[in-house]
Amino acid sequence: MEGQPSARATGTAPGLQRADGSPVRVLVVDDEPSLAELLASVLRYEGWEIRTAATGSIAVRTAREFEPDAIVLDIMLPDFDGLEVLRRVRTMLPHVCVLFLTARDSVQDRINGITAGGDDYVTKPFSLEEVLARLRGLLRRAGMARASSGTELTVGDLTMDEDAREVRRGGERIDLTATEFELLRFMMRNPRRVLSKAQILDRVWNYDFGGQAHVVELYISYLRKKVDTGREPLIHTVRGVGYVLKPPA
């Protein structure tokens with residue numbers, strides 16, 4: 001890891017809390033005790049409630065009891081890997097935000113992490129500032145902001161209640177992860193406008209994922225399965241340009 005937390009990294013983040021005003025809950029999963037404790041200390045300084053786990057089995061059990069809003073999850077664990085932890089946790093907490101931490105840096109590992117349901121990815125060595133910034137971004141996407149000026153967005157028969165964080169198409173509720181919700185919200189706020197992959201990466205992820213534009217393609221495919229399957233398509237590809245959300249003609 002690169003250095004110690006700076007004042008900027010450990011400054012408080014007013015406004016990040018649960019809807020009921022209670023502290024955000026974060027589970028840190030890493031089998032390196034010193035790293036897990038350092039991360040936990042920095043996150044506690046944010047005013048968040050933190051639990052740690054050193055194995056996959058403990059992580060799953062803790063997630064069930066603690067019900068975290070976000071998980072900082074190492075892929076390499078002594079019993080079963082972080083991808084399996086995520087699969088098991090998603091059955092209990094489908095909307096939990098997940099930030100993968102790993103020494104692996106291959107494109108395939110990034111894709112595996114995202115495909116498994118991860119929302120973001122940081123490789124070791126990392127800076128505490130980067131972890132904090134990305135985690136804050138995930139929590140904001142999940143609605144953990146004090147000042148929320150939500151509205152209802154409508155495109156065709158697709159509706160989004162930003163305050164309740166509910167999406168429906170034709171009256172049928174659609175369950176989305178935090179990142180899927182933010183991507184769809186960006187598109188619904190810009191109906192009929194073609195959005196490039198670069199624009200989507202900048203707005204939804206705030207980072208370019210190391211320039212991996214295929215992340216956008218993956219999440220667009222996830223949205224299509226949930227929003228368009230069995231219905232007239234709303235999400236369209238403009239070849240060589242990007243994507244557009246528009247109601248049927």
Side-chain angles (χ1 to χ4, degrees), residues 94-95 97-100 104-123 130 133-143 145 148-163 165-249:
H95 303 299
C97 303
V98 176
L99 175 65
F100 273 121
R104 296 178 176 177
D105 195 22
S106 74
V107 171
Q108 189 57 50
D109 286 325
R110 290 169 184 256
I111 292 175
N112 289 344
I114 297 164
T115 303
D119 295 295
D120 209 341
Y121 197 111
V122 177
T123 55
E130 181 179 15
R134 295 200 181 202
L135 197 53
R136 286 171 180 160
L138 291 179
L139 290 166
R140 288 190 184 101
R141 290 180 219 165
S148 174
S149 55
T151 59
E152 184 170 287
L153 304 174
T154 302
V155 178
D157 62 348
L158 181 68
T159 62
M160 172 182 286
D161 185 326
E162 293 183 286
D163 279 336
R165 299 189 69 80
E166 289 186 355
V167 175
R168 296 179 183 275
R169 181 157 187 199
E172 181 181 345
R173 180 164 178 169
I174 299 172
D175 290 323
L176 301 176
T177 66
T179 302
E180 290 167 350
F181 184 91
E182 187 65 19
L183 173 56
L184 184 60
R185 173 158 58 181
F186 182 44
M187 299 183 78
M188 291 186 73
R189 285 180 173 178
N190 295 275
R192 302 180 185 276
R193 177 186 173 191
V194 179
L195 303 170
S196 69
K197 292 179 183 178
Q199 287 175 309
I200 293 172
L201 280 168
D202 181 64
R203 173 61 180 82
V204 177
W205 277 268
N206 299 314
Y207 292 84
D208 65 2
F209 241 77
Q212 304 298 335
H214 60 260
V215 169
V216 176
E217 298 171 8
L218 281 172
Y219 272 87
I220 287 290
S221 71
Y222 297 159
L223 277 184
R224 279 184 166 137
K225 289 177 182 177
K226 294 184 177 183
V227 172
D228 284 346
T229 298
R231 307 177 178 98
E232 194 163 359
L234 294 176
I235 302 171
H236 303 271
T237 299
V238 179
R239 192 172 300 277
V241 183
Y243 305 96
V244 61
L245 181 75
K246 61 182 181 180

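This one's a predicted model, so the numbers in the text were calculated from it and none came from an experiment.
- Of all heavy-atom pairs spanning T123 and Y121, the tightest one is CG2-CE2, 3.5 Å.
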For a side chain to side chain contact (heavy atoms under 4.5 Å, CB included) check, start with the C-alpha distance between I220 and L183, then their side-chain angles and the critical distance, and finish with the verdict. CA-CA 8 Å; I220 287 290; L183 173 56; 4.1 Å; yes
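- Here R165 pairs with F181, R185 under the side chain to side chain contact (heavy atoms under 4.5 Å, CB included) rule; sequence neighbours left out.
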Side-chain donor-acceptor pairs under 3.5 Å in residues 235-248, sequence neighbours left out?
| from | atom 1 | to | atom 2 | distance (Å) |
| --- | --- | --- | --- | --- |
| H236 | NE2 | P233 | O | 3.4 |
| T237 | OG1 | R224 | NH1 | 3.3 |
| T237 | OG1 | R224 | NH2 | 2.7 |

request  = Show the numbers, then the answer: is there a side chain to side chain contact (heavy atoms under 4.5 Å, CB included) between L184 and Y222?
outcome  = CA-CA 11 Å; L184 184 60; Y222 297 159; over 6 Å; no
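- With rounding to the nearest 0.5 Å, the separation of CZ in R134 from CG in L99 is 7.5 Å.
- Taking CG of L135 as the start and SG of C97 as the end, the distance is 8.0 Å to the nearest 0.5 Å.
- For T154, the side-chain hydrogen bond (donor to acceptor under 3.5 Å, both in side chains) test picks out no residue, with sequence neighbours left out.
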Listed pairs under 3.5 Å, donor-acceptor, residues 167-176 side chains, sequence neighbours left out:
| from | atom 1 | to | atom 2 | distance (Å) |
| --- | --- | --- | --- | --- |
| R168 | NH1 | G171 | O | 3.3 |
| R169 | NE | D157 | OD1 | 2.8 |
| R169 | NH1 | V227 | O | 3.0 |
| R169 | NH1 | D228 | OD1 | 3.0 |
| R169 | NH1 | E232 | O | 3.2 |
| R169 | NH2 | E232 | O | 2.6 |
| E172 | OE1 | R231 | NH2 | 3.1 |
| R173 | NH1 | E166 | OE2 | 3.2 |

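- Rounding to the nearest 0.5 Å places CG of L201 at 11.5 Å from CG of L195.
- To the nearest 0.5 angstrom, E182 atom CD is 12.0 Å from I200 atom CD1.
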